[in-house]
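Here is the structure we will look at.
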Amino acid sequence: KELERPRPGHADLTGAIKYLGSIRGVLERSSARETAVRVAAGALARQLLSHFGIETIGYVLELGAMPIGRGETLSSTIAQARALRDTSSIYSVDPSRDKEAEQYIDRIADEGDTLGGIIEVRVDGLPFGLGTHAQWDRKLDGKLAQAVMAVQAIKGVEIGMGFEAARRPGSQVHDPIHYDPALAETSNLGYVRPTNNAGGLEGGMTNGQSLILRAAKKPISTLRKPLDSIRMEDKQSHRASYERSDVCAISAAAIIVEHVVAFE
């Protein structure tokens, strides 16, 4: 059935005007169901990367206004973090927060509203030099940002300290360089850092540290209590149309972003 009233936050209005077509045609083509194939490709990429000792994980770091954090995983391996993530109903790495998160989602659902959140992806075992400093379109941070921002509903991407780096002096941002000969045979070639504010990327290239990337997902745009819109036929004010929709898709988005990063 055709939708008569575009939904704020979706591609409905702009897409229908741009392509002189129906809202239905736009909403089906702009659906995040498209990401299923990107997850499939990313899953193959993860298998390939594992042969080189490169492991990835994506998890929910914040749910709406609720910070969840990384629990005790900062010093753990990705395998240990994944074991925790896979026991969590919301795909965080702190399953002790699951009940609180579920109640939060249920409350928002009862209010006819929706939730977004923050996803974090971590990649361990990366060698020096993936990407380049020399060509703008081959810088790895730029390629990652484009790939992740192309996931539906992602409205921001940051690497390492991200936006917080703009608020601090350089002495509190840049990661000192040390050398440990005992680690010379590892992926970081013995060059170690006491911090990883850069998130594993410097000058558009991997620097031997873990890649840390975060993505901000906006709340789902389809609301059970719709916002104001107009009827396309006569331009009269109405409530926006309603399609069956989830309340919060941040857990699914964590898997999507993990696999997009793995593929890139």
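Just the heavy atoms: all of them, side chains too, but no hydrogens, waters or symmetry mates, feed the values below.
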Side chain to side chain contact (heavy atoms under 4.5 Å, CB included) partners for [X], two or more places apart:
X	answer
A216	I118
E202	R193, A198, N207
E185	none
H238	R5, R231, Q236

Applying the 4.5 Å side-chain criterion to the ILVMFWY set and letting contacts propagate, would [X] and [Y] be lumped into a single cluster?
X	Y	answer
V93	M66	no
V39	V260	yes
I68	L213	yes
V123	Y91	yes
L61	L84	no

Restricting to non-hydrogen atoms, name the atom on [X] and the atom on [Y] that form the minimum distance, rounded to 0.1 Å.
X	Y	result
P176	P194	O-CD, 3.5 Å
V261	L211	CG1-CD2, 4.1 Å
V247	D113	CG1-O, 3.6 Å
L63	A101	CD2-CB, 3.6 Å
G9	S221	O-OG, 3.1 Å

Atom [atom1] of [X] and atom [atom2] of [Y]: how far apart are they, to the nearest 0.5 Å?
X	Y	atom1	atom2	value
L140	E264	CG	CD	7.0 Å
D98	I90	CG	CD1	5.0 Å
I105	L115	CD1	CG	6.5 Å
R107	E111	CZ	CD	5.5 Å
K217	S251	NZ	OG	10.0 Å

Just to verify, what does [X] make a side chain to side chain donor-acceptor pair (under 3.5 Å) with, not counting sequence neighbours?
X	answer
D228	R239
Q80	T77
T222	R7, H10
S96	D94

Could you pull out every donor-acceptor pair under 3.5 Å between side chains of residues 141-161 and any protein atom, sequence neighbours left out?
residue, atom, partner, partner atom, Å
Q152, NE2, S31, O, 3.1
Q152, NE2, E34, OE1, 3.1
E158, OE1, F163, N, 3.1
E158, OE2, R214, NE, 2.8
E158, OE2, R214, NH2, 3.2

Stepwise side chain to side chain contact (heavy atoms under 4.5 Å, CB included) check, M205 with H133: CA-CA 7 Å; M205 302 172 290; H133 67 283; 3.9 Å; yes
Side-chain touch D175/Q209, heavy atoms, less than 4.5 angstrom: yes
Residue Y104 excluded, over 12 heavy atoms near OH under 6.0 Å: yes
Residue R24 excluded, over 12 heavy atoms near CZ under 6.0 Å: yes
Donor-acceptor list for residues 14-23 side chains, cut-off 3.5 Å, not counting sequence neighbours:
residue, atom, partner, partner atom, Å
S22, OG, E2, OE1, 3.1
S22, OG, G25, N, 3.0

Check ion pair D124-R122 (N to O, under 4.0 angstrom): yes
Short question: side chain of [X], backbone of [Y] - any donor-acceptor pair under 3.5 Å?
X	Y	value
N196	G199	yes
D180	G190	no
S229	P6	yes
D106	D110	no
S88	R85	no
T206	L130	yes

Side-chain cluster (under 4.5 Å, hydrophobic types only) that L189 belongs to, other residues: F128, I177, Y179, Y191
Please list, one pair per line, the donor and acceptor atoms closer than 3.5 Å that link side chains of residues 41-60 to other protein atoms, with sequence neighbours excluded.
residue, atom, partner, partner atom, Å
S50, OG, Q47, O, 2.6
T56, OG1, E258, OE2, 3.3
Y59, OH, E120, OE1, 2.4

